[in-house]
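Below is one structure, written out as structure tokens; comments come after it.
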Amino acid sequence: MPKISERGIHLPPSPIRKLVPYAEQAKRRGIEVLHLNIGQPDIRTPDEAIYAIRSIKEPIFAYQHSAGNESYRRKLAAYYDSIGLGVAPDDILITTGGSEAIFMAMCVCMNPGDELLVPEPFYANYNGFAMEAGVNIKPIFSTIDNDFALPPISEFERHITPYTKAIFICNPNNPTGYLYSQNELDQLKDIALKYDLYLICDEVYREFCYDGNRHISVMDLRGVDRNVIMIDSVSKRFSMCGVRLGALVTRNSDVIASALKMGQARLCPPYLAQVAAEAALDTPRSYFDTVHDEYERRRNCIVEQLNKIEGVYCPMPKGAFYSMVRLPVDDADRFAQWMLEEFSYQGQTVMVAPGSGFYASRGLGHDQVRVAYVLKCEDLRAAAACIREALALYPGRTK
Ligand SMILES: Cc1ncc(COP(=O)(O)O)c(C=O)c1O
């Protein structure tokens with residue numbers, strides 16, 4: 001029998017999805033599973049997008065331009081302009097989700113064997129994309145003890161080798177909720193310029209910043225146009241994760257030209273998604289204000305409820321809709337599985353994403369889980385109650 005490739009064998013499973021079979025079994029036993037494991041919001045997609053799909057009259061759902069439809073890129077550029085980013089339609093390559101933009105950025109900016117510096121914990125799928133692209137993630141450790149603040153810039157410099165090609169950050173951060181300050185971004189920019197590195201920033205949670213904090217985009221940084229790449233997506237902004245549309249944005253025309261060759265190989269981003277996303281750009285401001293306030297409420301709710309549980313620490317995220325939570329358990333992977341296989345409280349249990357998958361360094365995150373506060377406060381309270389009761393019963397509790 002022909003063998004699976006080394007790459008195929010070693011690709012990491014998603015920590016966000018790997019417990020799905022256990023959740024399905026729990027559901028078959030009649031238990032309601034509260035999903036805190038995945039950033040799938042229960043917020044309604046804007047009507048503008050839904051109606052646009054319903055009103056399609058095209059007799060043929062045809063291939064589109066490989067860079068994305070011009071009308072959509074123009075409208076998206078106008079949206080970026082409206083938030084002060086100064087992006088031209090030609091600076092945008094429309095992708096199949098932010099996921100494809102991440103993969104393309106890694107492929108066109110880096111050679112196999114090159115290294116990229118990523119503060120950890122980080123969005124777990126970066127591991128998979130890096131492996132597919134043949135590049136190596138060099139994690140820069142950030143700790144829950146100071147709520148995952150950006151490590152000192154000296155840490156980034158210490159990890160730079162002749163193979164380092166890029167710094168990759170996520171702002172606001174999934175999984176930590178950390179929001180980068182102007183000063184931190186300026187320091188990263190200085191390093192990018194000093195060592196001639198790409199500065200790639202995943203900004204798919206741009207709209208989700210709390211406590212009056214303003215998001216600062218890498219596209220706002222001056223004098224680094226050739227270094228900076230922004231990853232964007234409609235998934236979270238418009239609560240339409242299933243549409244699968246994102247963008248790679250950069251003023252570096254060589255990066256766009258190279259990424260477009262990958263774009264041509266996959267022919268085009270999805271047509272229906274572009275119809276929905278273009279229409280979604282007409283969503284009124286009030287939609288975002290309501291959604292923002294709802295997430296802030298949910299964040300306050302889950303942080304308060306979890307921190308009431310003895311031995312649990314949940315930092316207060318400044319953005320996105322996740323938190324990395326420390327639990328008094330021997331092994332968060334085992335605990336997460338146990339909650340699905342052996343535990344229920346009032347007919348419910350909780351699915352969380354075990355923390356270790358969000359680290360590249362071995363041995364880290366074993367007492368952490370990522371929670372996504374994408375459910376209504378009432379469900380979040382029920383989920384926190386389940387976690388409290390589960391910790392009281394779990395045989396591997398540590399303190
Ligand atoms: C930080 C981050 N980047 C990228 C993505 C992928 O986005 P998309 O659905 O646009 O592929 C996600 C999805 O959860 C994410 O959390």
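Whatever order the structure lists ligands and atoms in, that order sets their numbers, starting from 1. Numbers here simply count residues along the sequence, with the first being 1.
- Tyr123 and Tyr126 have perpendicular rings, their planes meeting at more than 60° on a 0 to 90° scale where under 30° would count as parallel.
- Remark: Phe208 engages Tyr295, Phe321 in a ring-ring contact (aromatic ring centres under 6.0 Å, His included) (not counting sequence neighbours).
- At a heavy-atom cutoff of 4.0 Å, ligand 1 is surrounded by Gly97, Gly98, Ser99, Ile102, Tyr123, Tyr126, Cys170, Asn174, Asp202, Val204, Tyr205, Ser233, Ser235, Lys236, Arg244.
- The aromatic rings of Tyr322 and Tyr205 sit perpendicular, their planes meeting at an angle over 60°, well past the 30° parallel limit.
- The aromatic rings of Trp338 and Phe335 sit parallel, their planes meeting at an angle under 30°, below the 60° perpendicular limit.
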What verdict does the side-chain contact (heavy atoms from CB on, under 4.5 Å) test give for Asp90 and Ile256, after you've listed the backbone C-alpha separation in whole Å, the side-chain angles of each residue and the deciding distance to 0.1 Å?
CA-CA 8 Å; Asp90 287 349; Ile256 291 282; over 6 Å; no
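- Checking side-chain atoms of Gln274 against main-chain N and O of Tyr72 turns up no donor-acceptor pair under 3.5 Å.
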